[in-house]
Amino acid sequence: MNRITQCLHGKGTISRMMHQKKNGGNGSRGEYLAYAAEYRPVIFWNLTNRCNLNCIHCYNRSGPENGLHNELATGEALALIDDLATMGVPLILFTGGEPLLREDIWVLADHARRRGIMTALSTNGTLITPEVAEKIKAGGIGYAGISLDGATAETHNRFRGTADAFERSIAAFAHCRDAGVRCGVRVTLTRENNAELPALIDLAEEIGASRFCLYWLVPSGRGIDAYNRLQLSSREVDDALTLLYRRAKETDPKKMEFLTVDSPQDAIHLLAAMKRDNSDDIAEAEELVASLKGGCSAGTRVANIDHQGCVYPCQFAQAEELRIGSVRDQPFSQIWAAVDHPILSAFRDTSPVFTGHCADCRHTALCGGGCRVRALRLCGDIHAEDPFCFLNGNE
């Protein structure tokens, strides 16, 4: 996760993050969670594989045609939360599919709160009515990330596969705001919505989003099918990062923060821009990025649990060859503590030997070679170069 705003605005913010990291990184402040101790990860939990939409880039092929498909029962889910609490997990992000289709989500959220775990929601927003927004607030869910894949109804609805998703998702922001629920925009940038990025940022400000979180396409789920058609070029990525950097500098950090996900190499672009601008915070920003020991959080600071209880290094690594275990066979805490599991070892290796452009790049100590899921899916080798890297062998 590349936290543009937090690195750009205020020495004090970065200093507090560094202090938090050196002291274990397990405080309750949400902005510190990216720097939590790596073996107490943020959990991306796919509560269900059911969804009321059918998005063309869905990373796990969720959709209306999916049934219950052996979802964890309520009792199993509550026991999982107990185990996560025991190991000190700081945050559970309820995702899907569409997590609001899971009828017991309010029971699970309340139980997590009682066990001292913060919760957040990743949703398409179309099911958030005023009543649901009040339930989100009452359930102690501290943040809702709502997907917007276009600044216009035409673009967003094309991605989402329905005629009214845009209108309902926009309305969800108002419902959340009225209920006192903090929410933000999540956008996956592709060739088909790249031109709308400036307008999307404007829209996010207009609807009161507290966060603008840009995801890059990862070849996972239906994203595999659409990858070659939708993926951006290195120049388009560079332009998007430059725009986010400029808008983050101009925007009051108390109003909206900017960040990118799925490409640890984005931090290299941020640091280079801060150097060019002679930023007062550059030294601490460099220390902060270096402290993450490779950028990618998969298998260390984040973990994924799918709707059936299978465990993966991250939400984009949902494939049988990357399956670590199942909470139906063994508690998550034991699965995650394994020191000799080949998949976890591959993601946790702090000195991997890369091939391709990453083999000779002087930045790999900071970015960890980018996204290992992209390398595996597109090159057939977890230690290959990340084909999406905007540097692509160039400085």
Side-chain angles (χ1 to χ4, degrees), residues 1-9 13-14 34 57 145 148-151 184-205 209 211-219 223 227 230-251 253 256-279 281-282 284-286 288-290 292 294-297 316 357-358 361-371 373-375 385-395:
M1 184 175 290
N2 180 39
R3 291 179 173 268
I4 303 171
T5 295
Q6 287 187 348
C7 284
L8 278 177
H9 290 281
T13 300
I14 299 177
H57 57 320
L148 280 180
D149 288 308
V185 166
R186 301 168 66 254
V187 54
T188 301
L189 202 65
T190 71
R191 290 176 182 172
E192 293 191 0
N193 62 0
N194 183 43
E196 295 184 22
L197 181 57
L200 262 169
I201 297 173
D202 291 340
L203 177 60
E205 292 180 334
R211 173 180 288 179
F212 189 90
C213 186
L214 188 148
Y215 285 74
W216 307 106
L217 188 63
V218 178
Y227 192 84
L230 295 179
Q231 189 58 285
L232 297 170
S233 68
S234 296
R235 171 50 59 187
E236 289 169 325
V237 172
D238 182 77
D239 289 343
L241 289 172
T242 300
L243 174 63
L244 291 179
Y245 176 78
R246 178 174 61 81
R247 294 297 294 264
K249 284 187 66 177
E250 298 169 350
T251 302
M256 187 167 73
E257 68 168 326
F258 292 79
L259 57 156
T260 65
V261 182
D262 308 330
S263 288
Q265 58 265 36
D266 292 351
I268 298 167
H269 189 285
L270 172 61
L271 294 178
M274 292 177 71
K275 284 182 179 179
R276 286 194 300 269
D277 287 351
N278 294 315
S279 171
D281 293 319
I282 184 60
E284 287 184 306
E286 288 177 328
L288 180 62
V289 172
L292 296 179
C296 181
S297 300
F316 300 108
H357 293 308
C358 290
C361 181
R362 65 185 177 89
H363 298 294
T364 53
L366 293 180
C367 73
C371 176
V373 173
R374 284 197 195 92
E385 66 183 61
D386 180 353
F388 181 65
C389 183
F390 67 92
L391 291 171
N392 198 27
N394 301 309
E395 288 299 311

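Because the structure is a prediction, the values reported are computed rather than measured. Note that these values count all heavy atoms, side chains included, but never hydrogens, waters or copies made by symmetry.
Nearest heavy-atom pair across D386 and C371 is OD2-N, 3.0 Å. A pairwise comparison of heavy atoms in A267 and V289 identifies CB-CG1, 4.0 Å as the closest pair. Taking all atoms of both residues into account, the shortest heavy-atom contact from A204 to M256 is CB-SD, 3.9 Å. When all heavy atoms of V261 and C213 are compared, the closest pair comes out as CG2-SG, 3.4 Å. In terms of heavy-atom proximity, L200 sits nearest to V187 at CD1-CG2, 3.7 Å.
Distance NE2/H269 to CG/D238: 4.0 Å, rounded to 0.5 Å. Rounding to the nearest 0.5 Å places CD1 of I282 at 10.5 Å from CZ of R276. Note that CD of E257 and CG of L8 are 11.5 Å apart. Values are rounded to the nearest 0.5 Å. Going from atom CG of L270 over to atom CG of L244 covers 10.5 Å, rounded to the nearest 0.5 Å.
Residues satisfying the side chain to side chain donor-acceptor pair (under 3.5 Å) criterion with D262, sequence neighbours excluded, are absent altogether. For D266, there are no salt bridge (charged side-chain N to carboxylate O under 4.0 Å, His left out) partners at least two apart in sequence or on another chain. Qualifying salt bridge (charged side-chain N to carboxylate O under 4.0 Å, His left out) partners for R246, counting only residues two or more places apart in sequence or in other chains: E250. Applying the side chain to side chain donor-acceptor pair (under 3.5 Å) rule to Y227 yields the partners Q231; only residues at least two apart in sequence or on another chain are considered. Contacts of S279 classified as side chain to side chain donor-acceptor pair (under 3.5 Å), with partners at least two apart in sequence or in another chain: none. When the side chain to side chain donor-acceptor pair (under 3.5 Å) test is applied to S234, no partner is found at least two apart in sequence or on another chain.
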Show your reasoning for whether side chain to side chain contact (heavy atoms under 4.5 Å, CB included) applies to L271 and L366. CA-CA 11 Å; L271 294 178; L366 293 180; 4.1 Å; yes
Go through N2 and L259 one step at a time and tell me if the side chain to side chain contact (heavy atoms under 4.5 Å, CB included) criterion holds. CA-CA 5 Å; N2 180 39; L259 57 156; 5.8 Å; no
Evaluate side chain to side chain contact (heavy atoms under 4.5 Å, CB included) for L197 paired with F212, printing each intermediate quantity in order. CA-CA 11 Å; L197 181 57; F212 189 90; 3.8 Å; yes
What do the steps show when you test L189 against N194 for side chain to side chain contact (heavy atoms under 4.5 Å, CB included), and what is the final call? CA-CA 6 Å; L189 202 65; N194 183 43; 3.4 Å; yes
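Side-chain contact between V185 and E205 is absent, with no heavy atoms from C-beta onward closer than 4.5 Å. With a 4.5 Å cut-off on side-chain heavy atoms, H57 and E192 do not count as touching. D277 is listed as a side-chain neighbour of K249, based on a closest heavy-atom distance under 4.5 Å. You'll find the side chain of L243 reaches within 4.5 Å of the side chain of I201, heavy atoms only. For the pair E385 and C361, the minimum side-chain heavy-atom distance is 4.5 Å or more. You'll find the side chain of L391 reaches within 4.5 Å of the side chain of H363, heavy atoms only.
Each of F390, F316, F388 was evaluated against W216; a single residue qualifies, F388, per the ring-ring contact (aromatic ring centres under 6.0 Å, His included) test. The residue from C367, C389, S297 that alone fulfils the side-chain contact (heavy atoms from CB on, under 4.5 Å) condition with P264 is C367.
Between the side chain of N193 and the main chain of G150, no donor-acceptor pair closer than 3.5 Å is present. A distance-only check finds a donor-acceptor pair linking the side chain of T5 to the backbone of F258 [under 3.5 Å]. The main-chain N or O of S233 is never found under 3.5 Å from a side-chain atom of R191 such that the two would form a donor-acceptor pair. Judged by distance alone, with hydrogens and angles left aside, the side-chain atoms of H9 form a donor-acceptor pair with the main-chain N or O of A248 at under 3.5 Å.
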